[in-house]
Amino acid sequence: MLQDKTADLISQKQKKLLERLVGELSKTSPDLYYQSTSQIARQIRQYIVNGAGLNQDERELMTSLEQRDIEVLLSLHS
């Protein structure tokens, strides 16, 4: 039960951080809205790998996500 709560907390933090990263990327790529989820996920994954704009905790939180994981999280965004 504690593991489930921890996993939910991590997932919520990742979603919130993904929202921020999408916002940051949209400032530099105005056409981001028109790109496919897979293209956006690829850009976010590259952004994470490069560590741009992420502190150490955020980088650790996000490095476990692969492109497909990011795609799924983006598709769940309401």
Mind checking whether Leu25 and Ile40 have side chains closer than 4.5 Å, heavy atoms only?
no
In this structure, CD1 of Ile70 is separated from NZ of Lys15 (nearest 0.5 Å) by 14.0 Å
Same apolar cluster (I L V M F W Y, side chains within < 4.5 Å links), Leu18/Ile10
yes
Where do Ala41 and Glu71 come nearest, in terms of heavy atoms and distance?
CB-CG, 3.4 Å
Does any donor atom in the side chain of Asn50 or Gln46 lie under 3.5 Å from an acceptor atom in the other side chain?
yes
Is the closest side-chain heavy-atom distance between Ile48 and Arg45 below 4.5 Å?
yes
Looking at CZ of Arg42 and OG1 of Thr37, how far apart are the two atoms once the value is rounded to the nearest 0.5 Å?
11.5 Å
Please lay out, stage by stage, how Ile44 and Leu65 fare under the test side chain to side chain contact (heavy atoms under 4.5 Å, CB included).
CA-CA 10 Å; Ile44 290 173; Leu65 296 177; over 6 Å; no
Side chains of Gln43 and Gln39, donor plus acceptor under 3.5 Å
no
Out of curiosity, Leu73 CG to Met62 CE, how far, rounded to the nearest 0.5 Å?
7.5 Å
Verdict with supporting geometry, Leu17 and Leu54, side chain to side chain contact (heavy atoms under 4.5 Å, CB included):
CA-CA 9 Å; Leu17 186 52; Leu54 299 175; 4.1 Å; yes
Just by distance, do the side chain of Thr63 and the backbone of Arg59 share a donor-acceptor pair under 3.5 Å?
yes
Say whether, by atom type as modelled, one donor and one acceptor occur between the side chain of Ser29 and the main chain of Ser26 under 3.5 angstrom.
no
May I ask you to decide if Asn55's main-chain N or O and Glu58's side chain share a donor-acceptor pair within less than 3.5 Å?
yes
Sorted by chain and number, sequence neighbours left out, salt bridge (charged side-chain N to carboxylate O under 4.0 Å, His left out) with Glu24 holds for Arg20
Look up atom NZ in Lys27 and atom CG in Leu32, then write down how far apart they are to the nearest 0.5 Å.
13.0 Å
